[in-house]
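Only one structure is covered here, and it is reproduced in the block below.
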Protein chains: 2
Amino acid sequence: MTQLDSDQKAADDAPKLGRRRDPAKDQQILDAAVDVLAETGFDGMTIDMVAARAGAGKATVYRRWASKNELVLDAVACLKKTDLDSMPIPDTGTLRGDLVAMIRPPTIDDAERKLKVMAGLASMLSSAPDLAEAANEAIVEPRARINRMLLNRAVERGEISADVDIQLVSLISPSMVAYHSLIQRKPVDREFLITVIDGVILPAVGLRPAPAR
Amino acid sequence: MTQLDSDQKAADDAPKLGRRRDPAKDQQILDAAVDVLAETGFDGMTIDMVAARAGAGKATVYRRWASKNELVLDAVACLKKTDLDSMPIPDTGTLRGDLVAMIRPPTIDDAERKLKVMAGLASMLSSAPDLAEAANEAIVEPRARINRMLLNRAVERGEISADVDIQLVSLISPSMVAYHSLIQRKPVDREFLITVIDGVILPAVGLRPAPAR
DNA sequence: TCTATCCGGAACTGCAGAGTTCCGTATATG
DNA sequence: CATATACGGAACTCTGCAGTTCCGGATAGA
């Protein structure tokens, strides 16, 4: 989309002769951009940093993206694919079981990395709607979508009432984790996540913390 | 503290003759800094912008603060005093009544302004611990403190159980409001706040949404 | 092997903002 | 009224980064 090479027919622009553009380099640069973004934020990020981390030259970056803004937009969008949501979604038979099963190191690390990216973009979101949408779609939505799925299944099997505001409840953990991590700057560990599940989410859907006691 | 003029004995450094430094100007500059911070974020903020908005010269700003960083630190800290927490805290007799009574235009506007400041600082928080602490103390804590007070009163009058995790519950609304406003970029209106109170907070402390039905 | 193309890297321009210096003016004190 | 000081504003330096250009070397196809 924003990338320079995805021209009209996406073909025929490949050279008949000589060296071809390395497609793997694109991903290396995007990954490096996300790393730098997470570490320094949008304004702290320089193209030189990204190029150096990707083992590329600055010119190579600009051969593929027209500007820093477009690179960042693509890098954020690429987080979507990097997402761990392609992993199997737990189905333990109880809502609490499913929610607890979601607490795993790779899931937590992925979340923390994405939160850092979001923090690095925070000041831009109000002035760059397309970036805000990309960030929302790549960072916020995937996790909320999983939560909605788990909640819907709980409704279907009669575990919780159909009156529950699933949209609202699905945002409890993303909200509280983001606040805990970004603003309060405390580590997102298993204990905190369990506390949120048992102390907020389950009561909100009308369940007791301990499922069978 | 960070201000240049608060020297050793805080006295005798006033000139015997001639014009005195205008103390009101300090506050005008700090207010302007907060405004610009909320609108453009830390990196987008320039000293010229702040000076212009305060009706001052850039030199005047640097006569009072040694750097942009120190100005911002003081500006954030000054949000604490600007806070609306000097207003009367509601006491309606029920937790729900108190929470709903907190929903008032000045309270909401104050919160949104502070959230914008927090968004503008977000990318710096991980690399500037003192700024992070100042922001937390000026923006996060005052509101959480009120919530804790309301919850403690509810415990004292026997409305809710003493087992409730007050620390956790007091952070539900700040977290969800911040997420709603900053990340999802939706307006923080009365309807949303009521939904959070009735759909999350009250269930979390073991109360039904409609108190007397 | 030849050649068109891409590569990394370095040197370059242009600009914007932090921080400084200076000046003419305003003002409170004596 | 005289004077010492703070003021707003403009001009200045310096630094860092976005984006560009150029080059010698690497590489894949013909």
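Everything quoted here is computed from the prediction, not taken from an experiment. Any value given below was found using the heavy atoms of this structure, including those in side chains, with hydrogens, waters and symmetry copies removed. Residue numbers start from 1 in every chain, and the chains themselves are labelled A, B, ... in the order their sequence lines are given, proteins ahead of strands.
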Fill in: Under 4.0 angstrom between Arg63(A) side-chain N/O and dC7(C) OP1 or OP2
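Looking at the OP1 and OP2 atoms of dC7(C), one of them is under 4.0 Å from a side-chain N or O of Arg63(A).
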Worksheet entry | Lys25(A) side-chain N/O to dG8(C) phosphate OP1/OP2 under 4.0 Å | yes
Among [options], the one nearest [X] by side-chain distance:
| X | options | answer |
| --- | --- | --- |
| Arg64(A) | dC6(C), dG19(C), dA11(C) | dC6(C) |
| Ala56(A) | dG8(C), dG8(D), dT20(D) | dG8(C) |
| Tyr62(B) | dG19(C), dG19(D), dG8(D) | dG19(C) |
| Leu17(B) | dG30(C), dG19(C), dC6(C) | dG30(C) |
| Ala59(A) | dC22(C), dT21(D), dG8(C) | dT21(D) |
| Arg19(B) | dA4(D), dA26(D), dA6(D) | dA6(D) |

Worksheet item: Taking CG from Asp22(B) and C1' from dA26(C), how many angstroms apart are they, rounded to a whole number?
Response: 12 Å
Discussion item. Rounding to an integer number of Å, can you tell me how far Gln28(B) CD sits from dG8(D) C1'?
Written reply: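 Those two atoms, CD and C1', are 13 Å apart.
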Item to complete: Please list, by residue number, the residues of residues 41-54 of chain B whose heavy atoms come closer than 4.0 Å to an atom of DNA chain D; answer none if no residue qualifies.
Response: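 Heavy-atom cutoff 4.0 Å gives no residues at all.
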Only distances under 3.5 Å count here; give the side-chain donor-acceptor pairs of residues 175-187 of chain A to other protein atoms, sequence neighbours excluded, each with its distance to 0.1 Å.
unit_1: Ser175(A); atom_1: OG; unit_2: Leu171(A); atom_2: O; d: 2.6
unit_1: His180(A); atom_1: NE2; unit_2: Pro187(A); atom_2: O; d: 3.2
unit_1: Arg185(A); atom_1: NH1; unit_2: Leu125(B); atom_2: O; d: 3.0

